[in-house]
Structure formats: C-alpha cells, structure tokens
Amino acid sequence: MNNVFNNLTDSLSAEFKNFDLDEVVHFSLSKLTDYDLQINNLVKYNKARYFNELQENIIKKINSSEIFQTVDESNLGFLNLSLNHNFLMKQITNTQNDFKHNKSHKIIFDYGGPNIGKPLHVGHMRTLNIGRSLYNIHSFIGNEVISDIHLGDWGMPIAQIITYLESKNIDIKILDSSQLEIIYPKASEMYKNNLEFRDRAQVINKLLNNNDKNLLQIWESIKKISIASLEENFKILNHNFDYWLGESDVNDLIPGMIEDLIKNNKVVDDEGALISVEDTDPKILITKSDGSYLYITTDLATILYRQNNIGYDKTLYIVDNRQSLHFKQLFSSLKFFNFNDLDHEHIAYGTLNDSKGNPFKTRDGGTKPLRELFNETYIYIEKINNSLDHSTISKLTNSVLTYSDLITNRKTDYKFDLEKFTNVNGKTGIYVQYSQVRARKLLGNSESQNSEVTELILNDTDKQLLSRLFLFGYFLEQSASLNEPHHLANYLYEISNLFNQFYENEKISDINDPQHVSSKLFITNLFLTTSNSVMSCLGITPVDKM
RNA sequence: GCUCUCGUAGCUCAAAUGGAUAGAGCAACAGACUUCUAAUCUGUAGGUUAUAGGUUCGAGUCCUAUCGAGAGCGCCA
C-alpha cells in the first residue's frame, strides 16, 4: 500500500498490542458496495469483554487520520471504510515516489533461458513476460533489480550441433541464424537414433569441457550468431537483460566446487556418478558417471558465481512448473552444502497452449517460433485498423502478447486465443490501450482549461473511479509480495473500464463550471498516470493513438 | 508404483495471508451513436465452488477420503 495507508495500519496494530493481541492489521477490499476497504482483524474478538473498547479505540484512531470519510462498524466486528477523496487527492500520485521504502532488497531475476542454436519459441513467452513484469514491479517499489538471461550455451545440445556440422562438413562461418536454427532439431534426432553420432557427440562434449581450442572457436561462432538473433528478437519484443551470463561462464567454477563437496563429505560416488549424501527421495545426482555435468551442477555453480561476483538478497527463478522438483533439489542442496542462507524462490508458471488447449505447434508440427506468433498477431491487428503506423501496431501487438499472458494467474496453464485477445471489448491489451488513448486525447483537448483543483466535485461514477485509483497500492503490493502480476493486470482492466464509464457518463466539454471541469480533469489525469504506472509494471508500452 | 499441482457460470478466468450475499470477461439476448474516438457504454440471464465427511464463531481457501485432469520421478535441460 501507499505509505499513507501503511502508517495507519501500523498504528492500528499497536492498538491491538495494548490488549496483548498480536495482530498485523491490513486492509481488504470491502464487500459492501458503498465502501472501499474493510478491516477484518476485529472479528475474532467480538465475544471478548474488551471488544467494544478495542473497536472504539480503533475507530478513534482511524478518524484522526483523515484518510477515511466514514467508518461503518458492525456488531460482528467488521469495519467498513470509505475513502476521503478530498484528503487523498493531495497524498496520492500513483507514481514511483509514492512507493519508495527504506529497506530495499537486491533481487536477481533469472528468466528467459534461451538456448543458443535454437530459435526463441512460444515456450519462452511466459518466462519473458512474467520475468520482465516482476522485474519492473520490484524496481517500481524501490528494490534493486538485476536480470540475468541464464543463456543455455553449454553442454550436450551444443555438442550435438557441432557434431552435426562436423559430420556434414559444414563451415559455421557461412551460416546465418535461420540456417543454424534448423540444424538443432536434426542434430537432436540423430543423437537419439544414431549410435555413432551419439558417441561422437559425447566425445565432443568432453573435449569442449577440456577447452579444446578448435571446438571453442566453432562454439564461439555459434554463440555469436545466436546472440545476434536473440537481440534482434528482443528488440522487437521489447526485452532487455542486465546480464547475459551463460552456463559456460560458470563452467570453470565446477571442478573446484566438486572438489570441495567431496572433501567435505557432502557427495559420494555411486557407480561413477556423484550423488548428494543428503537424505532425500529421490537421491540428488550431482554429476554423471562419465564425470560430466548436469542441470543442477551448473545451477549450483551459478549460485556461487552470483554470490561472489554480483551479490544479492534474493533470487527469483521464473521457470516452468514442470521443473519444480529440480528447484526443490537445488534449494535444498545449496543449504545442505552450506553455500549461503539467502532467499531463493521458484516462480513457477503453467504451460502456454493454443486456443484448443493443445501444445503450440507450427503447421508442420515443429515448435512455433515466438516471432511467428508476433507476426500473426501483428497482421491480425493491422486488419482491424490499417490506418495505424508500424510502430503503433508493434506496440499493440506486444500489448496483446503481454497482457493476455499476465491477466491469468501464472500458476495455471492457459490457452492463447488470438481472436479473443485482440478483441476490443473485454480484458485485452487493446482495451486498456484504447482507454488510456481516450484519456490522453481528452487532456490534450482541455490543456488550456487545466487549472488548480481545490475541491473535487464528484458524482457516483467519479467516486468509483477515483476510489479505485487511490487503491493502486493495494494491488501493487499484492502482485509484489506474491510475485503474481495478474493482480495488477486485472486492476488495469478495472480502472480502464471505470474510466470508460466516467467518460461516457458526463461530457467534460458540456460542463460550464470551471471548478467542475478541473475536478474532472484531475481524475482523468490521475487515471492516465496510474494506467501508465501499471503498464510500466506489466511491461506494456502505451501508444499515443489508435 | 511414488510425489506434486489442479477441479469455481456454457467457455476463459478472479476471489493473497480463513471473513459478511462467490465476482469479472467472452459468448447469448435486449437497448444507447448528426460522438470530448461507439475500438465505447447500459441492462437481462447464467452457481449445491467435482463428491462425501471433518476442523471453528465463520471454509472456494485448512485436514481426510473418493472420483476426475495434468505434470514430474539420478546420468536431457
């Protein structure tokens, strides 16, 4: 919540303390339509002797704060509150300034995770959208944020590609990214079906681990081509990363790490492989029997790298649901191995499917490149309104791809339905963009009349919108503390919808009283600011016109 | 076989830390445009929260069982 509210809840918690009750007071949205917020902490004490006295003290404190206009008490102990608009209009701006807090945390966002040699495909969309949004949200509330793409640039997949190039006698220098990208599926299939190929790939993998000069050169070329292609895609999709660290960057740390684990009796030999001695079921495999490394080996080394070179309070791994066992093992291992005592959290999300609930595929059954989904969406929007310029359609396309993803709780699987998500009505990226364009235009038209607001003149529609705008902090906090952007995405729809009602309800150009006009413009302005703040938290760029 | 996640309106989803009468959006039906952009707004209808028990002042939310769906389960990442 905004600091205005937080100061009050702190002092209300203190009231409970006076009666020896350990209650952290917090607001919920009111269930009663005439009120904005409610406090439920009192309910469980409604049979206590001191109930009336406690409730009275609480109400007294609330009244002295001026934040609320009315307080409605029920004999059950629910307190319903309606916001004091004329007071809050001077307190709340819904910009970043409202949410700065003292104890900032340094958080690493580990997301994206593309592999070199493979195209960015629809499977990457959710980690990119959720990762970017959480990064922006935490940045907005004043945390120190660092994103790391966690590039898959090492291990068997790379060895497979190189083996393929070798077997077909292809010179890497003449390849571009699109040619490179069709090689991986072929190499992967040969690895599965061709024993000779498989043996050679494993040899190459080992040689790479031993820094074979020739192979490293080929590897570097592959990496260079891939990164250029990724950067091009990210430019279109509006993604940025602070660090482009890959698995290869931590490779050198692994031998020493393993040595220490052996020395400290944290791992033991098991048919040539190393397993953790931690009592878990299943047992945690740290290295393979041929001595080569696994997913968890590099992830552990990455943690060492980050704690030594970057430093952090918390790391969020924005990765698919299906990898929850891996993260359970990773987090448990890093404690068991005494690496550090910092926070690590797996921000899991469900699978993205097509509109029928099936895995996203291209027409010929391959994995669908993200770029292709972007293009299809772009064309669809262009058909609806072909008078828009390229940059605007691109922004709208990204809005659709982002908003449709974030409107759903990240934990569940979701279906991407192009027709539904480009609809102008409903909870779509298009609708929220349209609403803020309307507001922008309105303010542009009325610029000359914009004067200082001293007192708000509000009808019911105005009040509803304004109340919701003042509650931005409530939804921001919910999204930030649960790392769930959908609370803010839904909030953006709510305020957009309320703004459209406000817009249709009373024409500003028909109002003569300058006080009344300023009041309307104040609300419009606050809506626009709020909409922009939420969009920035979600990773959506507002368009100027549409 | 073992472990985890989930089951809410015809469809897609909300309801954070247990709180009052479970909310939205689509689709359906009925309305409002010589417009501050109708790419909008208004209204109607739609529910035994999978089922059966339990915990308590109070359960969609916590516990147990059953049914159903999905995912994962040491040498891929």
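All chains are named by letter (A, B, ...) in the order of the sequence lines, taking the proteins before the strands, and each is independently numbered beginning at 1.
- The residue A:N80 sits close to a base: some heavy atom pair falls under 4.0 Å.
- The phosphate of B:U42 (OP1 or OP2) has a side-chain N or O of A:Q501 nearer than 4.0 angstrom.
- Applying the side-chain hydrogen bond (donor to acceptor under 3.5 Å, both in side chains) rule to pairs touching residues 475-487 of chain A yields A:H138-A:N483, A:K411-A:E484, A:Q478-A:H487, A:E484-A:H487, sequence neighbours excluded.
- Here the OG atom belonging to A:S467 is positioned 10.5 Å from the CG atom belonging to A:D462, to the nearest 0.5 angstrom.
- Between A:F472 and A:F99, a ring centre-to-centre spacing shorter than 6.0 Å is recorded.
- B:G23 and B:A45 have their P atoms separated by 14 Å, with the value rounded to a whole Å.
- For A:K420 and B:A24, the NZ to C1' distance is 11 Å, given to the nearest whole Å.
- Atoms CG (A:N46) and P (B:U56) sit 17 Å apart, rounded to a whole Å.
- A:T428 comes within 4.0 angstrom of no nucleic acid atom, judged by non-hydrogen atoms across all strands.
- Distance from the side chain of A:Y434 is smallest for B:U37 among the nucleotides B:U37, B:A77, B:U17.
- Residue contacts for A:V24: at a heavy-atom cut-off of 4.0 Å it reaches no nucleic acid atom on any strand shown.
- Counting to the nearest Å, the P atom of B:G70 and the CZ atom of A:R322 are 14 Å from each other.
- As judged by a 4.0 angstrom heavy-atom cut-off over every strand, A:N497 is placed among residues touching the sugar-phosphate backbone only.
- In this structure, A:R438 forms a cation-pi arrangement with A:Y503, its terminal cationic atom sitting closer than 6.0 Å to the ring centre and no more than 45° off the ring axis.
- Looking at heavy-atom distances under 4.0 Å, A:K411 makes no contact with the nucleic acid at all.
- Atom CG of residue A:L538 and atom CD1 of residue A:I130 lie 11.5 Å apart, to the nearest 0.5 angstrom.
- Of the P atoms belonging to B:U48 and B:G10, the separation is 8 Å, rounded to the nearest Å.
- For B:C76, the OP1/OP2 oxygens have a side-chain nitrogen or oxygen of A:K288 closer than 4.0 Å.
- Between A:H487 and B:A15 there is a side-chain polar atom (N or O) within less than 4.0 angstrom of OP1 or OP2.
- In this structure, A:E271 reaches the bases: a heavy-atom distance under 4.0 Å links it to at least one base atom across the strands shown.
- Side-chain to base pairing of A:S289 with B:C75: one donor and one acceptor N or O lie within less than 3.5 Å of each other.
- One finds a side-chain N or O of A:H486 lying less than 4.0 angstrom from the OP1 or OP2 phosphate oxygen of B:A15.
- A:E494 comes within contact range of no nucleotide atom at all, as no heavy-atom separation falls under 4.0 Å.
- Residue contacts for A:N321: at a heavy-atom cut-off of 4.0 Å it reaches no nucleic acid atom on any strand shown.
- Across all strands shown, A:Q38 has heavy atoms under 4.0 Å from base atoms, whether or not it also approaches the sugar-phosphate.
- B:U51 sits 11 Å from B:G7 when the C1' atoms are compared, rounded to a whole Å.
- The distance from atom OH of A:Y45 to atom C1' of B:G19 is 14 Å, rounded to the nearest whole Å.
- Comparing A:I407 and A:L325 along RNA chain B, the residue whose closest nucleotide (by nearest heavy atom) sits nearer the 5' end is A:I407.
- Using C1' as the reference atom, B:A28 and B:G72 are 41 Å apart when rounded to the nearest Å.
- Following rounding to the nearest Å, A:D269 (CG) and B:C75 (C1') show an atom-to-atom distance of 13 Å.
- If you look at A:Y474 and A:F27, their ring centroids are not closer than 6.0 Å.
- At the heavy-atom level, A:N425 lies under 4.0 Å from the strands shown only through sugar-phosphate atoms.
- As rounded to whole Å, 10 Å separates atom P of B:C13 from atom OH of A:Y414.
- Atom pair A:D270:CG and B:C75:C1' shows a separation of 10 Å (rounding to whole Å applied).
- Annotation: A:Y349 is not in aromatic contact with A:Y111 [ring centroid separation under 6.0 Å not met].
- Of the two residues near RNA chain B, A:N409 and A:Y431, the one whose nearest nucleotide lies more 5' is A:N409.
- Residue contacts shown for A:E419 are absent, as no nucleic acid heavy atom lies under 4.0 Å away.
- Among the duplex regions that RNA chain B forms, those built from at least three successive Watson-Crick or G-U pairs under 3.5 Å are B:1-7 with B:67-73, B:10-13 with B:23-26, B:28-32 with B:40-44, B:50-54 with B:62-66, ordered by first number.
- Atom CG of residue A:L151 and atom CG of residue A:D249 lie 8.5 Å apart, to the nearest 0.5 angstrom.
- Contact annotation: A:T412 side-chain N/O to B:A14 OP1/OP2 distance is under 4.0 Å.
- B:G25 and B:A9 are spaced 12 Å apart, taking the C1' atom of each and rounding to whole Å.
- Contact annotation: A:K427 side-chain N/O to B:A24 OP1/OP2 distance is not under 4.0 Å.
- Using a 4.5 Å heavy-atom threshold, the side chains of A:L330 and A:L300 count as touching.
- Of the listed nucleotides (B:C41, B:C75, B:C57), B:C75 has the atom at the smallest distance from the side chain of A:L294.
- Rounded to whole Å, the C1' atom of B:A24 lies 16 Å from the corresponding atom of B:U49.
- Within the 4.0 angstrom heavy-atom criterion, base atoms lie near A:Y474.
- Nucleotides B:C2 and B:A65 have their P atoms positioned 12 Å apart, rounded to a whole Å.
- Separation of the P atoms belonging to B:U12 and B:G70 is 15 Å when rounded to the nearest angstrom.
- Counting to the nearest Å, the C1' atom of B:U3 and the CZ atom of A:F327 are 18 Å from each other.
- Annotation: side chain of A:Q202 is not in contact with side chain of A:K206 (no heavy-atom distance under 4.5 Å).
- Within 4.0 Å of A:D413, counting heavy atoms only, lie sugar-phosphate atoms of the nucleic acid but no base atom.
- The CG atom of A:L261 sits 11.0 Å away from atom CD1 of A:I254, with the distance rounded to the nearest 0.5 Å.
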